[in-house]
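The chain is numbered in sequence order, starting from 1.
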Amino acid sequence: MLLRPLSVLPRARVASTCFRRAMSTEAKATYQPKKRQFGFGTALLCTIPFVTFGLGTWQVQRLRWKHNLIERLEERMYMDPVPLPRRISATTMDDYEYRRVVVEGTFQHDQEMLVGPRTRGDGVVGYFLVTPLIREDGSRILVKRGWVSNAKKDAATRPDSQDRAPVQVEGLLRLTEQPNSFTPDNEPDNNQWYWIDLDTMANLTYSQPLLVESVNDKPSYHDKMLIDRGIPIGRSPVVEVRNSHLQYIITWYSLTAATTAMLWMLLRRRSYPVKIKRL
């Protein structure tokens, strides 16, 4: 096979080959690929999905625990009432919460306390009435008798609620309330109570830290008559336990999905070459 010298190659091919070599050399000198850098923000974003997923899973466990707690309290609430023991130790109080009890004694109306203002389901503003009860053995407990309207806040306007004779109270044994961050502080010196602080109320009235909340099983059409007479309306036998864990689950898992998508988009972003200007 005979090889032709370079001088006899077509001039167009020689020119094309030289042009490609020049462009390749110039491209290597002119363009450099941008190196991907992962800073503190990227590292932080990598951890967020794991943290939010863990918090969401923890809230799932809390939701199961809360459902089991509500079921136990409802079972206690519908059991037959039992006489209130003379004393209940602090270590066993949780086992008695929402337990129906019966207690007899005499109300000390001169030491009653108003908790509120609170609204009923119809939006009417009023107060819950908490009154010490002296039992036959001389011990004292506190009874949350029920709700009275704002117009009957003064004891002089509701003589029908000031019974001096011995009474029998059937209600639910309750623990102290837990105020939220928006609840004002109580003013015991002015007898102004925004939430039930059981220990403080018991100390002021020389009572045991036991609270029995009266229940009202009567139809709602009886409420109008009781409100007009200023007789406290007991609560409906319903377990009132805050349960917001489902909202927390949705929030945390939504953040997990959003931050995972952001991280995926960030890591898949292509690196484009950067042109370096020659001086």
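Every residue two or more places apart in sequence or in another chain that forms a side chain to side chain donor-acceptor pair (under 3.5 Å) with Arg100 is listed here: Glu170. For the side chain to side chain donor-acceptor pair (under 3.5 Å) test, no residue two or more places apart in sequence or in another chain qualifies with Asp154. The side-chain contact (heavy atoms from CB on, under 4.5 Å) check on Gln208 picks up Arg87, Ser139, Leu210, with sequence neighbours excluded. Every residue meeting the side chain to side chain donor-acceptor pair (under 3.5 Å) condition with Thr200, not counting sequence neighbours, appears here in chain and number order: Asp197. Considering only residues two or more places apart in sequence or on other chains, Glu136 meets the side-chain contact (heavy atoms from CB on, under 4.5 Å) condition with Glu104. Lys66 meets the side-chain contact (heavy atoms from CB on, under 4.5 Å) test with Leu69, Ile70, Val241, Asn243, His245; sequence neighbours excluded.
Environment of CH2 in Trp252: sparse, with no more than 12 heavy atoms of neighbouring residues, nucleotides or ligands closer than 6.0 Å. In the displayed structure, Asp137 atom CG is contacted under 6.0 Å by more than 12 heavy atoms of other residues, nucleotides or ligands.
In terms of modelled atom types and a separation under 3.5 Å, the side chain of Thr256 and the main chain of Phe53 share a donor-acceptor contact. Judged by distance alone, with hydrogens and angles left aside, the side-chain atoms of Lys144 form no donor-acceptor pair with the main-chain N or O of Val130 at under 3.5 Å. Using modelled atom types, one side-chain atom of Asn186 and one backbone atom of Tyr194 make a donor-acceptor pair closer than 3.5 Å. Under the 3.5 Å distance criterion, the side-chain polar atoms of Asp199 are left unmatched by any main-chain donor or acceptor of Pro209. Side chain of Arg229 to main chain of Asp160: no donor-acceptor pair is present (N/O by atom type, distance under 3.5 Å, no hydrogens or angles).
For Arg145 and Phe107, the positive end sits near the middle of the six-membered ring, less than 6.0 Å away and at most 45° from its axis.
Closest of all the heavy-atom pairs between Gln162 and Glu112 is NE2-OE1, 3.8 Å. Nearest heavy atom pair, residue Gly234 against residue Asn216, reads O-CB, 3.2 Å. Pairing each heavy atom of Pro117 with each of Val125, the nearest pair is CB-CG1, 3.7 Å. Here the closest heavy-atom approach between residue Gly230 and residue Ser161 is recorded as O-CB, 3.5 Å. The two residues Thr157 and Pro159 make their nearest non-hydrogen contact at C-CD, 3.5 Å. When all heavy atoms of Lys224 and Asp228 are compared, the closest pair comes out as NZ-OD2, 2.7 Å.
Residues Tyr96 and Leu84 share a single hydrophobic cluster, defined by chaining ILVMFWY side chains whose heavy atoms lie under 4.5 Å apart. By the criterion of side-chain heavy atoms lying less than 4.5 angstrom apart, applied directly or through intervening Ile, Leu, Val, Met, Phe, Trp or Tyr residues, Leu255 is grouped together with Val51 in one hydrophobic cluster. Hydrophobic clustering of Ile, Leu, Val, Met, Phe, Trp and Tyr side chains at less than 4.5 Å, counting indirect connections, keeps Leu211 apart from Val169. In this structure, Trp193 is a member of the same hydrophobic cluster as Ile196, with clusters built from ILVMFWY side-chain heavy atoms closer than 4.5 Å. Taken together through direct or relayed side-chain contacts under 4.5 Å among Ile, Leu, Val, Met, Phe, Trp and Tyr, Leu173 and Leu133 form part of one hydrophobic cluster.
Looking at Gln108 and Thr205, their side chains never come closer than 4.5 Å, going by heavy atoms from C-beta outward. By the 4.5 Å heavy-atom criterion applied to side chains, Asn150 and Tyr127 are counted as neighbours. The closest side-chain heavy-atom distance from Pro83 to Val102 is not below 4.5 Å. Residues Val60 and Arg64 meet the side-chain proximity criterion, which asks for heavy atoms closer than 4.5 Å. Annotation: side chain of Arg120 is in contact with side chain of Ile227 (closest heavy-atom distance under 4.5 Å). Under the 4.5 Å side-chain criterion, counting only non-hydrogen atoms from C-beta, Glu71 is in contact with Asn68. Residues Met113 and Met201 are in side-chain contact: their nearest non-hydrogen atoms beyond the backbone lie under 4.5 Å apart. Inter-residue side-chain proximity for Val124 and Trp147 is flagged as met; some heavy-atom pair is nearer than 4.5 Å.
With rounding to the nearest 0.5 angstrom, the CD1 atom of Ile88 is 10.0 Å from the CG atom of Asp95. Distance CG/Leu204 to OH/Tyr206: 8.5 Å, rounded to 0.5 Å. Summarising the geometry, atom CH2 belonging to Trp195 is positioned 11.0 Å from atom CZ belonging to Arg118; distances are rounded to the nearest 0.5 Å. Atom CD1 of Ile233 sits about 12.0 Å away from atom OG of Ser214, to the nearest 0.5 Å. One distance of note links CZ of Arg135 with OG1 of Thr106; it measures 12.5 Å at 0.5 Å rounding. Put simply, CG on Leu198 and CD on Glu177 are 10.0 Å apart, with the number rounded to the nearest 0.5 Å.
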Please test Trp65 against Gln61 for side chain to side chain contact (heavy atoms under 4.5 Å, CB included), starting from the C-alpha separation and ending with a verdict. CA-CA 6 Å; Trp65 170 82; Gln61 299 173 355; over 6 Å; no
